[in-house]
Amino acid sequence: MTTSVIAKGIVPRISRGVGGRSRVALAVGGTLILAWAVIALFWPHLAPYDPVHQDPLHRFAPPGPGHWLGTDQFGRDTLSRMLAGARPVLQVAPLATALGTLAGTVVGLVAGTFGGLVDEVVMRVLDAIVVFPTIIAAVLFVALSGRSVTAVVLVIAASFTTIVARSVRAATLVEREKAYVEAARLRGERSWSLMLREILPNVTTTVLVEATSRFGDAIFAAATLSFLGLGQPPGSPEWGASVSDNRTWLQIAPWTVLAPALAIASLVVATALVADALRSRWEAP
Amino acid sequence: MRRFLLRRLAAIPLTLVAVSALVFAATELIPGDVARAILGREASESAVRALRVQLGLDRPAATRYVDWLGGFVTGRWGDSYTLKVPVRDLVLDRLGASLLLALLAFVLLVPVAVTLGLVAGINHDRPADRVISVTGLTFGATPEFVTGVILLVVFSVKLRWLPASAQIPPDASPVEALNHLLLPALSLVILCTGYVARHVRASTVTAVESAYARAAELRGFTRAQVVRRHVLRNATVPATSALGVQLQFLLGGLVAVELLFNYPGIGALLLQSAIDKDLPTLQTTAMVLGILYMLVVLGADVVYRVLDPRVRLGVAAR
Amino acid sequence: MSGERGLRVDGLTVAYETARGPVEAVSDVSFEVAAGETYGLVGESGCGKTTLGRALGRHLPRGGAITGGRVSVDGTDVLALAPAELRRWRASSLAVVHQEAGSALDPTMRIGAQLAEVLRLQGRTRREARMQVPRLLDRVRLPDPEAIARRYPHQLSGGQQQRVVIAQALAARPRLLVLDEPTTGLDATVQHEILGLIWALRAELGAAVVFISHDLALVGRLCDRVGVLYAGRLIEEGPAGEVLATPRHPYTSALLASAPQLGRTRRTHPLAAIPGRPPAPGEAGTGCAFAPRCTYADDTCRAGLPPLDMVSGRRTVRCHHAANLIDLSHDGPAARAEPTAVDGGGRLLEIQGLTRHYGGTPVVDDVDLTINRGEVLGLVGESGSGKTTLARAVAGLGPQGSGVIRLDGRELAAGVGRRDARIRRAVQMVFQNPDASLNPSHTVRTVLARARRSLRGTLAPGELAARADLDAYLLDSRTDRLSGGQKQRVAIARAFAGDPELVVCDEPVSALDVSVQAGVLRLLADQQRRTRTSYLFISHDLAVVGYLADRIAVMYRGQIVEQGPADDVLAGPHHPYTASLVEASLAPLGKADAYAVGDVTAKDAVGCRFAARCPLRVDGLCENEDPPLITLANDHTVRCHLDATGLPEATALEGET
Amino acid sequence: MDMHSQNLLDRRRFLAGSGVAGLLALVAACSGGAGTSTGASSQQSATGSLPATSKRGGTLRAGSPPPPTAVDPITMYDGTAIAIVQLVADYLIWLDKDFTLVPRLAERWETPDGGKTWSFALRHGVVFSDGTPLDAETVKASFDRLLDPDNKSAALSAFDTVLAKGGVAVKDPSTVVFTLERAFSDFPYLVSAGNYNTLILKKDYAGDFTKKPIGTGPFLLQSYDPSKGATLVRNPKYWEQGKPYLDGVEIKFYADDQADLLALQGGDVDTQILSRPALVSPLKGAGDIAIDQVKSTGFIALTLRTDQAPFDRKEVRQAVAYALDRPGVNATTYDGIGALGNDHLFAALFPAAPTDLPQRAKDPAKVAALLAAAGVSKLSFPLTFDPPSKDYALTVQSQLKEVGIEVTLDQRTSADFYGGDQEKDTPWLFTKANLVGWAGRAVPSQFIIPMVKSKAVWNGSKYANPALDAAATAYDAATTDADRKAQAEIIAKALNDDVPVIISVWSGNVRAYNGKKFTGVQAHPASYVDFTSVSAL
């Protein structure tokens with residue numbers, strides 16, 4: 001609703017506008033993501049201990065000098081595990097996002113550009129998958145278990161493919177009806193040329209928006225899968241698994257749960273902030 | 001409207017067949033053996049083989065699939081391989097439990113999220129909006145098991161206000177039942193509020209900045225009147241689709257919460273039957289969930305159509 | 001002061017907050033509108049007229065603020081009102097009608113409820129309000145008010161919606177009525193009716209009416225006085241008739257010169273576009289804002305802001321040279337009359353029995369049409385008449401159907417995909433929406449280069465651009481950075497990349513400002529003259545079609561009701577529908593509507609489609625039997641039951657000699 | 001999702017290794033009728049630590065994983081199902097927490113001929129919960145049922161070559177006589193709780209236990225829901241006067257360890273059926289949690305394929321054995337309550353355990369020397385296991401890493417790990433190196449015969465040593481303690497030196513309960529439950 005103008009001569013309070021807010025979000029979120037990325041790359045140099053090293057004499061050590069975030073059931077250093085846990089999630093999420101976005105873009109573009117039977121078939125298959133994400137994912141997880149990381153990436157990517165494909169297809173259908181595409185058809189451009197040269201550049205915003213949103217989802221999904229037990233081999237310092245494994249000890253060793261929980265939250269929230277800021281930027285007219 | 005319904009309903013069986021085939025194919029990839037799972041590792045190999053034959057597991061996969069599908073369609077859902085109870089009882093019981101939790105979460109979610117979204121939208125780009133938006137974004141980004149664990153420890157283990165298990169004792173009063181379900185429902189509400197509020201906020205902003213709202217204000221209506229008469233409905237109607245998405249999620253995305261709060265829901269059943277390769281249970285669960293999902297999506301669309309006169313009466317009515 | 005009646009605006013200044021600081025959108029505007037008087041505010045988009053309109057109701061968008069000046073209505077100082085008083089004042093004294101009435105109505109409420117709501121605000125009881133709704137609807141001449149009241153906004157036509165909004169405005173008995181482009185986007189005949197309604201109501205209301213429009217001619221017909229806005233300032237003001245007839249400001253004059261008028265053609269009166277573009281708010285320097293585009297500008301103009309001078313009794317002009325520039329008659333010399341239609345070209349395009357359906361309804365219904373080589377065929381009709389579908393069918397786009405299209409005697413495939421390269425090269429198209437007609441991710445050079453390659457053209461992108469009067473520096477801009485006019489120039493250059501024989505122009509100028517539109521029309525005319533390409537030129541604006549076309553076809557509800565040489569079609573004797581179009585753009589307001597648009601529902605496809613609206617209808621015949629095609633003369637055919645003598649004729653076309 | 005699922009699965013199969021039955025069969029097969037009579041030991045129940053005045057009343061709520069299969073006494077193998085059935089039905093003989101035999105439905109047993117025939121005198125006055133009196137016919141029917149191959153009971157393999165169909169006869173209404181295929185001195189173990197399927201059920205039992213739960217046990221099964229739990233109430237017709245003290249037992253199912261434990265911490269349940277030492281012990285004293293612990297003869301076997309590189313070299317197997325820090329394993333997997341193992345199958349609890357073998361300890365220098373001797377410069381191998389062995393696997397991996405041995409963890413679902421064909425390809429018997437959990441057994445032969453004898457049914461290391469085979473046979477045939485000890489020493493030395501299986505720690509077992517509300521809850525080496533002596537505080 002519009003701010004009614006106050007009595008004459010008074011300049012009203014100026015709204016800071018979207019730009020300022022999204023800049024702050026972008027800065028905060030970006031810094032966090034960058035920090036985690038650096039940690040994921042260089043944790044061996046940053047972590048004070050080997051994250052799988054067990055120290056039976058110092059089990060459940062509370063935070064303090066020596067172990068800044070304490071130790072767990074096996075006497076493993078919580079801080080080191082938290083730092084090392086950044087790597088698996090930041091391996092899975094970008095990979096799954098890239099794969100899912102790529103596949104989804106191709107599928108969506110083809111379905112949208114060619115239309116007709118191709119579109120019909122593709123959409124029915126997508127429907128089947130998209131309607132039952134949990135079921136398909138659950139069964140696939142179990143089926144592919146033991147092939148851990150690849151399975152996680154594939155399963156997440158598969159579910160993203162459907163989401164991205166639908167958005168890209170919708171965007172493609174909008175573009176396809178636009179006059180510039182008709183002009184190209186009038187000139188006799190071939191379908192693949194229409195798709196790649198005319199339509200693709202104009203759905204890139206959609207693709208980028210999807211990719212950033214999906215990236216956050218991927219981290220969320222990877223963390224959840226890890227919580228549920230799928231993912232890296234046992235003992236790897238994954239955050240979700242750490243929350244799951246250690247929640248028994250919340251009463252006697254809360255640090256073992258809170259450290260990975262906060263790590264997940266910080267990364268996912270940072271991603272959400274960045275995605276939100278970028279989206280409002282890209283989608284602004 | 002009727003054509004829309006018919007078309008959508010007609011698509012359901014097709015999709016279901018595709019899905020059941022997919023699920024079946026995936027099941028074949030799962031390592032392990034249901035006969036061994038039933039008899040245990042110390043049973044003799046010959047006993048296991050005999051059981052396999054007895055269960056019909058020695059038949060080709062396609063045969064088993066077709067048999068199951070035929071049975072499902074004709075209402076003969078059979079017995080669980082492992083638990084030896086009728087699949088119907090098992091699935092419907094778990095489904096009921098999941099529905100109960102999902103609906104409770106939904107019932108808590110809707111007023112909270114819609115109110116927050118409206119408040120944010122009406123005050124958009126003001127502090128209230130910023131607080132609501134950022135909080136919603138943060139909570140919405142935090143996995144439900146993280147919030148769940150924290151709720152569990154605070155309210156259940158430390159304060160002992162609420163039970164750690166969501167499983168409702170058979171003779172529980174409604175209040176007790178609510179006590180059991182409150183923590184898991186809360187962790188879901190916390191997760192979903194941001195998403196729904198965001199949608200409501202967006203449509204509220206659209207409504208608030210719409211020409212008709214401006215026109216109403218220009219006619220001398222107070223802001224409260226404009227909000228009540230014009231913004232509320234126009235802001236909430238588009239949110240039905242967001243709510244539909246959430247309900248769909250709530251019905252099927254509960255595995256982590258079911259696990260965390262030890263709730264015997266359908267997500268856990270699906271997973272367990274997949275691990276056990278308990279084909280009748282797995283397939284039937286998948287189907288029932290699938291039908292439910294589709295109906296929810298359809299329901300959300302129908303509600304949207306009913307609520308929005310433009311869609312209801314057809315835009316091209318000129 | 002309190003005895004003063006009407007609107008008085010004094011030094012009103014409105015600023016917006018932007019990233020670069022506050023920017024004035026309206027600067028120091030003063031004018032008065034007496035009660036019962038209609039005041040027109042005219043200007044191109046971006047000149048501040050809408051902001052000014054909103055400031056009158058003290059209702060600016062976020063970030064906007066009135067930073068100076070005074071607005072009083074019947075003595076009430078609007079800007080000094082406390083919020084609650086402001087609300088009461090709005091409820092009792094203000095009415096605003098915006099462009100696109102559809103969006104001003106709550107889509108989820110029935111019409112009756114929305115009207116009742118306003119009445120309730122006036123203090124009526126629920127019962128009274130309900131009783132009064134039909135009367136209100138009747139007052140804006142909506143047929144069957146009871147039925148309309150039960151409908152939702154989307155179930156009404158654009159004209160009906162606008163009437164409802166006007167009805168809402170009337171409910172309040174306002175002292176100030178602000179009409180912001182109330183008829184833009186409506187068909188000519190509907191527009192004519194709405195304006196007629198406003199004309200009739202203004203006397204009844206006795207309110208001060210401010211009518212905001214980009215259309216000078218329209219303002220001239222409706223308003224008592226007119227103010228011309230440029231870059232947020234009033235640059236000329238005076239009685240409407242005087243200002244339009246003898247503009248004293250170069251901008252006013254240029255604006256008038258750029259607007260096509262019925263009866264003036266490209267051969268007799270080439271349009272003059274105003275070079276450059278208006279400054280965006282905050283862009284104007286210290287001098288006269290129009291100086292950069294003004295042919296009379298000198299250093300004085302660029303140095304200082306000209307004062308608003310009283311030039312004659314009731315007229316003011318903001319120009320340093322107002323005293324010298326007495327005669328700015330915008331009527332250019334009736335240019336050397338070129339030979340009309342090019343003979344000997346022979347038939348280029350023949351359409352026979354073309355029918356196209358959307359869903360179950362025929363949108364193009366058994367159409368026959370011919371375009372000669374080197375000829376511009378203007379196709380005119382209201383929205384929904386099927387003209388775009390027809391054009392697209394010629395180009396090979398849209399749904400398929402029966403009928404034959406021949407180019408040079410060779411039958412064309414219905415879909416562009418099945419036409420061979422030569423045909424595709426021969427038939428090109430310029431689209432309506434400039435924002436969608438170019439790929440926003442490509443540069444101008446890419447667009448033209450791709451067109452040249454696929455159409456096997458010979459001219460380099462640079463030359464193509466130059467021929468379309470596009471500056472070379474634009475070649476490497478992405479097309480989404482271009483203005484609407486520039487985009488259409490690129491689109492035209494693209495269409496001409498491969499030496500087409502026929503260019504289909506689908507409303508190419510309808511989205512453009514007047515001054516820009518003039519440039520594009522002129523470009524189209526120039527290209528045509530140079531290449532002798534035939535055009536199928538579509539527009540809902542009779543003046544635009546009349547300007548460009550050699551021959552005109554008139555389309556109504558899927559059928560060509562008239563077809564013939566432009567002059568003959570416009571002057572008549574012509575089809576009653578053509579007559580209604582001509583009347584809508586020329587006839588004075590206030591006259592009883594001969595051609596009521598009414599609530600025309602698509603009935604069965606027998607009889608004359610126009611019968612329901614036709615004042616010359618022969619009852620029992622027209623609505624039951626398909627009218628015959630009668631040949632008047634000289635390749636001029638009309639589809640009507642009346643014979644040549646019974647057909648209407650236009651009352652003296654201006655400029656027609 | 002997978003791990004969760006695996007957890008579900010594995011917890012339910014926690015007792016998978018506790019099948020005493022199959023092993024007993026093998027013991028029997030080789031022990032050739034040594035006629036040591038253990039009969040007629042009318043030992044009193046060892047649950048003596050009760051306060052003199054036990055309060056009656058109260059309901060004990062116990063958490064447990066849901067059984068993976070239908071609860072059927074004939075085929076059950078998982079801990080929860082066994083516990084539920086043990087509360088409702090009874091054995092002829094109970095196996096107590098210290099492996100002694102306690103008379104239950106049989107008051108006395110004797111063998112007149114050195115182990116070929118056994119007669120069991122039934123307790124008088126025992127009635128089933130539906131009022132049917134217990135008689136010899138019922139007992140005969142119960143064993144005939146187990147002996148019928150169509151019923152697919154794992155107990156059948158326990159009776160293999162010892163007791164065949166038709167070997168059970170009714171002498172008089174209160175005496176049952178078993179005529180064995182051959183003399184077998186440890187036969188009472190085969191009809192005790194140690195062979196957990198040997199519950200005495202009514203004659204007309206038809207496989208629908210949860211629908212018609214009729215037994216002679218201390219409780220009645222009132223309701224059962226495969227996803228939620230079981231409700232049991234006191235059996236008023238229970239034969240032991242005054243017991244049980246509790247009004248009832250409520251078993252709640254928790255599909256997940258952590259949920260189970262959180263419920264205990266949050267007071268939703270009072271005890272657990274299956275407690276894991278590593279999970280439970282750290283909580284001792286936190287809140288109201290009390291823990292009872294027992295020594296056990298269970299262990300997690302690190303089995304190495306002796307017929308495949310790299311473990312076909314004895315030095316390599318020894319190197320792995322010397323790389324382990326056994327007290328460290330005990331601390332992380334059993335919270336220190338276990339006993340150190342020495343890579344042979346004689347737990348210190350077994351009387352015949354050799355005492356003069358030096359305890360193997362971590363020795364990095366020796367590891368290096370052994371690997372060098374074997375010509376292995378860098379040892380790395382995959383370790384296959386299922387989730388219950390996860391903690392152990394992690395510790396092994398961490399400890400071996402410290403001496404430069406790289407272990408890649410290959411975790412399978414339990415279904416996968418134990419699936420496949422036991423004669424061809426099942427992972428738990430055919431992978432290069434794996435971890436298999438074995439629950440406690442009463443006598444060492446129960447491990448030796450199936451696990452390390454040449455071509456034995458569960459010989460996952462594919463170890464073949466004729467000397468050991470001979471000693472194992474001699475051990476079972478031995479009639480004096482000295483002879484047994486001598487044979488034990490041969491076996492132990494061979495295993496310790498050849499290292500087909502690394503046994504680093506003998507497990508302890510625990511049961512956690514709410515010590516402020518209940519007393520008398522006891523741990524059991526095989527996690528069996530006997531709640532007859534539990535009372536509320």
Side-chain angles (χ1 to χ4, degrees), chain A residues 49-60 71-77 81 134-148 151-152 155 221 224-238 240-241 243-254 256-257, chain D residues 1-9 256-262 264-266 276 278-287 289 325-333 335-336 382-385 387 389-391 393-399 401-402 407-413 415-417 427:
Chain A
Y49 294 88
D50 179 345
V52 301
H53 172 76
Q54 302 189 347
D55 182 354
L57 298 179
H58 294 96
R59 301 168 61 214
F60 299 117
T71 64
D72 68 5
Q73 170 196 6
F74 296 101
R76 297 178 297 195
D77 183 54
R81 291 183 69 74
T134 343
I135 300 172
I136 299 295
V139 177
L140 275 177
F141 290 154
V142 178
L144 297 175
S145 73
R147 275 148 269 177
S148 52
V152 178
V155 165
T224 306
L225 293 183
S226 156
F227 173 80
L228 293 174
L230 183 93
Q232 310 276 320
S236 112
E238 275 186 306
V243 172
S244 175
D245 288 348
N246 290 320
R247 67 200 145 101
T248 322
W249 320 121
L250 252 163
Q251 210 172 3
I252 58 168
T256 55
V257 179
Chain D
M1 236 164 265
D2 194 34
M3 167 82 68
H4 147 55
S5 34
Q6 288 175 348
N7 282 341
L8 297 184
L9 204 62
D256 171 82
D257 271 339
Q258 268 80 10
D260 194 343
L261 212 47
L262 281 168
L264 182 69
Q265 289 173 267
R276 282 168 60 193
L279 283 182
V280 167
S281 296
L283 297 173
K284 195 181 320 193
I289 295 175
D325 166 23
R326 292 159 198 248
V329 175
N330 191 9
T332 55
T333 50
D335 202 53
L383 180 62
T384 310
F385 59 97
S389 306
K390 189 181 96 180
D391 289 356
L394 291 177
T395 300
V396 167
Q397 184 191 37
S398 163
Q399 292 188 352
K401 191 176 178 184
E402 280 171 38
V407 178
T408 44
L409 300 183
D410 173 22
Q411 178 173 289
R412 310 282 184 90
T413 61
D416 186 10
F417 190 57

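Residue numbers start from 1 in every chain, and the chains themselves are labelled A, B, ... in the order their sequence lines are given, proteins ahead of strands.
Side-chain N or O atoms of A:Arg59 include one that pairs as donor or acceptor with a backbone N or O of D:Ala331 at under 3.5 Å.
Using a 4.5 Å heavy-atom cutoff, the side chains of A:Phe74 and D:Ser398 are not in contact. Here the side chains of D:Leu283 and A:Ile252 are in contact, with some heavy-atom distance below 4.5 Å.
Under the side-chain contact (heavy atoms from CB on, under 4.5 Å) criterion, D:Pro327 pairs with D:Asp325, D:Leu340, not counting sequence neighbours. With sequence neighbours excluded, the residues that form a side-chain hydrogen bond (donor to acceptor under 3.5 Å, both in side chains) with A:Gln73 are D:Asp391.
Top candidate by heavy-atom pairs under 4.5 Å with chain A, chosen from D:Thr333, D:Asn330, D:Thr395, is D:Thr395.
Minimum heavy-atom separation, D:Gly328 to A:Pro56: CA-CG, 3.7 Å.
Looking at D:Ala278, both its backbone and its side chain come within 4.5 Å of chain A, counting heavy atoms on both sides. Looking at D:Asp335, both its backbone and its side chain come within 4.5 Å of chain A, counting heavy atoms on both sides. For D:Leu262, the part lying under 4.5 angstrom from a heavy atom of chain A is the side chain only.
The line from CD of D:Gln397 to NE2 of A:His53 is 13.0 Å long, rounded to the nearest 0.5 Å. Taken to the nearest 0.5 Å, the CG atom of A:Asp50 stands 8.5 Å off from the CD atom of D:Glu402.
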